[in-house]
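Input: a single structure, listed below in structure tokens.
In this chain, numbering begins with 1 at the start of the sequence shown. Values in this document were obtained by computation on a predicted structure and should not be read as measured data. For the numbers below, each heavy atom of this structure counts, side chains included, while hydrogens, waters and symmetry mates do not.
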Amino acid sequence: MFEDSLVESSGKIQSKSKYWMIVTFGFNAVILAVMILIPLLYPEALPKTAMTAMLTAPPPPPPPPPPPPPAAVVKVIKVVAALDAMTAPTKIPKEIKAVKEDPPPPQQVAGVAGMGMGSAGGAAGGVMGSLGIGNAPVPQVKVEKPKGPARISGGVMAGQILVKTTPTYPPIARAAHVSGAVVIHAIISKTGSIENLNVISGPEMLRAAAVDAVRQWRYKPYVLSGEPTEVDTTITVNFNIGG
């Protein structure tokens, strides 16, 4: 009974499946052929959207860019120079009129005194006279005197000293071994005397002694443009312990 149930081993069970498979394959083939032939024979049966998509041509390509504009053409204009006024005429006139010109005025030459050539405009001493006017005056330049004291360096005024008092070394500064230079701003009068003194720099212990000594100095009057002038200068007083 078990052997009868096995289809492969018994060979007793007969089946008609192979006929059904052939029939099914043929039926499917007919359906497929009908589905292919109907659109070909009746294209109006297809949806319009699908037909439009299939038959619509692709959009045309964009037009090429326009060519660049041609470069501006520079026109060269030839300029013909006008004819010279001295060009010979094309026709000779029958009559030629003579044109009389006035003689030029006599020229006056400035002479030099002591020589026979020239006009009377020459001045004595060899100075050339003006043209027909006479002796030319010599301009006088007046030098304006600067206002206030003249600024003169200390080195220049050192050579103008007439009386120079030596300062006394302060004992307290000597004991403290203080030395150095005291620079003083001074105004010297027209007569050469000291008018004003101001200490600019220097040790504090030495300033008073330097001012007392410089106040007694006398200078030659400083002459500027022929006149005595006040002088604005600086004076340096040196203090040396060993000196």
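A search for side-chain hydrogen bond (donor to acceptor under 3.5 Å, both in side chains) contacts involving Ser189 returns Thr191, Ser193, not counting sequence neighbours. In this view, Tyr169 and Phe239 satisfy the ring-ring contact (aromatic ring centres under 6.0 Å, His included) rule, not counting sequence neighbours. Residues meeting the salt bridge (Lys or Arg N to Asp or Glu O under 4.0 Å) test with Arg215, sequence neighbours left out: Asp212. For Asp232, the side-chain hydrogen bond (donor to acceptor under 3.5 Å, both in side chains) criterion is met by Arg151, His185, not counting sequence neighbours. Residues satisfying the side chain to side chain contact (heavy atoms under 4.5 Å, CB included) test with Ala158, not counting sequence neighbours, are none. Scored by the side chain to side chain contact (heavy atoms under 4.5 Å, CB included) test, Val223 finds no partners at all (sequence neighbours excluded).
When the shell of 6.0 Å around CD1 of Ile172 is examined, it contains 12 or fewer heavy atoms from other residues, nucleotides or ligands.
If you chain together ILVMFWY residues whose side-chain heavy atoms come under 4.5 Å of each other, Met35 ends up grouped with Phe27, Ile31. Within the hydrophobic cluster formed by Ile, Leu, Val, Met, Phe, Trp and Tyr side chains joined at under 4.5 Å, directly or through other members, Val183 is accompanied by Ile200. Val23 belongs to no hydrophobic cluster, as no Ile, Leu, Val, Met, Phe, Trp or Tyr side chain comes under 4.5 Å of its own.
Among residue pairs with one or both ends in residues 199-218, none qualify as ring-ring contact (aromatic ring centres under 6.0 Å, His included); sequence neighbours excluded. Residue pairs meeting the salt bridge (Lys or Arg N to Asp or Glu O under 4.0 Å) criterion with at least one member in residues 21-37, sequence neighbours excluded, do not occur. Sequence neighbours left out, the pairs with a member in residues 197-206 that pass side chain to side chain donor-acceptor pair (under 3.5 Å) are Glu204-Arg207.
The two residues Ala150 and Thr229 have their closest heavy-atom pair at CB-CG2, 4.1 Å. Considering every non-hydrogen atom in both Leu162 and Lys220, the closest pair reads CD2-CG, 3.5 Å. Looking at every heavy atom in both residues, Pro228 comes nearest to Pro221 through CB-CB, 4.4 Å.
The OH atom of Tyr19 sits 8.0 Å away from the CD1 atom of Ile22 when rounded to the nearest 0.5 Å. Residue Glu195 holds its CD atom at 9.5 Å from NZ of Lys190, rounded to the nearest 0.5 Å. Between the CG atom of Asn238 and the OG atom of Ser179 there is a distance of 10.0 Å, given to the nearest 0.5 Å. Taking CD of Glu230 as the reference point, atom CD1 of Ile152 lies at 12.5 Å (rounded to 0.5 Å).
Hydrophobic clustering keeps Ile187 apart from Tyr219 (ILVMFWY residues linked when any side-chain heavy atoms are closer than 4.5 Å, directly or through intermediates).
Using a 4.5 Å heavy-atom threshold, the side chains of Met157 and Tyr222 count as touching. Within the 4.5 Å cutoff, the side chain of Ile36 has heavy atoms near those of the Leu32 side chain.
Checked options Thr236, Val199, Ile184; the residue passing with Val214 is Ile184 (criterion: side-chain contact (heavy atoms from CB on, under 4.5 Å)).
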